[in-house]
Amino acid sequence: MPSSSAYTQPPHIQRLLQKIQRDPGLPVDNATTPFWLEPVVPHAHHQSPALAKTADVVILGSGITGISTALHLSRIAPDLKIVILEARDLTSGATGRNGGHIKAVPWKDYGDIKRALGRESAIKISRFRLSHLPALLSEAAALGEAGKAGLVRQVETLIACYDRDVWIQDKKKLKEFLDDMPEEQGQWVVHEDPSDLKNLGLAETCVGCISGRAGAAWPYRFLGAVTAGLLQKEAISLETHTPALSISEQPGSRYPYSVQTARGQIQTKHVVHCTNGFVAHLMPGLRGKVCPLRGQMTVQSVPDDFPRYGAKYSWSAIWDRGFDYICQSPAADGSLYFGGGAFHSGLENDQEIGNPDDSQLSPQCLNHLATAAGKAFIGGTGVRIAKKWTGIMGFTMDGLPIVGRAPRQVSTRDECRLDQGGEWIAAGFNGYGMVHSWLSGKALAHMILGRDSEVRDWFPLQEFACSEGRLGKMSATDFLGHYGGDVTPQDSAAPLSSKL
């Protein structure tokens, strides 16, 4: 429960604090249908004739993190018996509902991370995020023709700002980042001249733009191709429409954990939680530490004279409050994949924080998105919403993912020895899953197999760790204050163990 100081907060902050603390439950059955999920990939509803009784590893979630974990486990240990459990269709969660970006904006929060964790950690996290684009391009290329369907491509991203005060701060953030990471000099370019902004197709209200490298993709198709290859391996099974209902310990057993589903139990050595915004359902110690946040996405049709830049650009539109994210179809239709609107109406009106229901749309976000293209782009007034859906992201209270072994304080279940098995987590990607998830899955696969030393040089092991010390410092009031809430700071966050 929230601490007593939470009740000194304004009523809307109290409401949000209570939502952050809730059990997110399981994903709803009747979710909105994303544009990305049509047509369905071949294994979208895959189930084995009978559920396996035992497994070496059970992975919860078939998004990019879960599939990456399975793939990299199989590359290291091909005979490992792996079962992937999915509550709905294959990749039907956040990965199949996002904006199509492979986009790190490392300078945006670089200074905050540096002040919280130190310069070395901030640089390591930035490099980790930036490494995802070449990694995903390489994986897509290795798939051959099947990989081309995922449309994984490199683009130039334009981070356009429409508020002068925010723009001044963004330039300072970029300078601090480049001062500490000189190898990124020249990779990020500031555009302020009105004629330059006009040539980039940005509305005259744009006060400045920072361009850099990024990627765009059709993640559902990409992962559909990866999964097709995985399922050719006899040791790997995918069980869609088979949510994990509970987990219990099996003391002294060869298989220390039992995962209960509606189709039966699986005894396993390892349980891997890759459920992002829903992770706190089976990890009670993460309630108030990781919360769902509903995002609104649209496809918007464009007029005939609107530029077709989908093979070249992606965009962010930074407003005085909140931001939007935009990709464009590289095909002739030029449709915009346009998401955002969160926080635009202020936290006093927010309906998205702590909301795990993607069966409903967000009227507030849609009101903003209906006119945002006209405010962001020259010629954008003729853009119209053609398709709309929502998806559930996972946000941590300190803004960084949680990746690693889960202690008892988080799972509320006794831990076993590392050589026997364990519970693991990779979740809480804060809306930037495509520049955290794939390589988090790779790192987690190594950790599960006791090969931490092989990822130490490139993965933020300590910074992303699921440690009691880190979680005990997380503050929901700090989180809301970051997004513009009128929040009374708490003296300190209570130790995690005192909240169980």
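Heavy-atom basis, side chains included; hydrogens, waters and symmetry copies ignored.
Considering all non-hydrogen atoms of both residues, V410 and A406 come closest at CG1-CB, 4.4 Å. Of all non-hydrogen atoms in V259 and A244, the two that sit nearest each other are CG1-CB, 3.8 Å.
No hydrogens or angles considered: nothing links the side chains of Q47 and H241 as a donor-acceptor pair under 3.5 Å. Remark: the Q296 side chain and the S362 side chain contain no N/O donor-acceptor pair separated by less than 3.5 Å. For the residue pair Q267 and T54, no side-chain donor N or O sits within less than 3.5 Å of a side-chain acceptor on the partner. Under the 3.5 Å distance criterion, with hydrogens and angles disregarded, a donor-acceptor pair is assigned to the side chains of T157 and S314. One side chain, K103 or S316, offers a donor N or O that lies under 3.5 Å from an acceptor on the other. Using modelled atom types, one finds a donor on one side chain and an acceptor on the other under 3.5 Å when comparing T298 with Q300. For the residue pair D324/H344, the side-chain donor-acceptor check at 3.5 Å is not satisfied. A side-chain donor-acceptor contact under 3.5 Å links R213 and Q187. Checked by atom type, the side-chain pair S301/R384 shows no donor-acceptor distance below 3.5 Å.
Ring orientation note: the planes of W458 and F128 are close to parallel, at an angle under 30° on the 30°/60° scale. Relative ring orientation between F479 and F395 is described as perpendicular, the plane-to-plane angle rising above 60° on a 0-90° scale split at 30° and 60°. Using bins of under 30°, 30° to 60° and over 60° for the plane-to-plane angle, the ring pair F429/H436 lands in the parallel bin.
A salt bridge links R287 with D23: at least one charged nitrogen is closer than 4.0 Å to a carboxylate oxygen. Taking a cutoff of 4.0 Å between a charged side-chain nitrogen and a carboxylate oxygen, D79 and K233 do not qualify as a salt bridge. Using a 4.0 Å cut-off between a side-chain N of Lys or Arg and a carboxylate O of Asp or Glu, R413 and E423 qualify as a salt bridge. At a threshold of 4.0 Å, the pair R408-D414 counts as salt-bridged, since one of the basic side-chain nitrogens sits closer than that to a carboxylate oxygen. With respect to the salt-bridge test (charged N to carboxylate O, under 4.0 angstrom), the residues E415 and R405 qualify.
Q360 places none of its side-chain heavy atoms less than 4.5 Å from the side chain of N355. Side-chain contact between H273 and I247 is present, with at least one heavy-atom pair separated by less than 4.5 Å. No side-chain heavy atom of V58 sits under 4.5 Å from any side-chain heavy atom of H270.
With rounding to the nearest 0.5 Å, the separation of CG in L117 from CD in E463 is 6.5 Å.
Between H72 and W438, the distance separating the two ring centers is shorter than 6.0 angstrom. Between Y337 and Y325, the distance from one ring center to the other does not fall under 6.0 angstrom.
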Q: Check step by step if ring-ring contact (aromatic ring centres under 6.0 Å, His included) holds for W218 and F35.
A: CA-CA 10 Å; W218 194 312; F35 165 83; 5.3 Å; yes
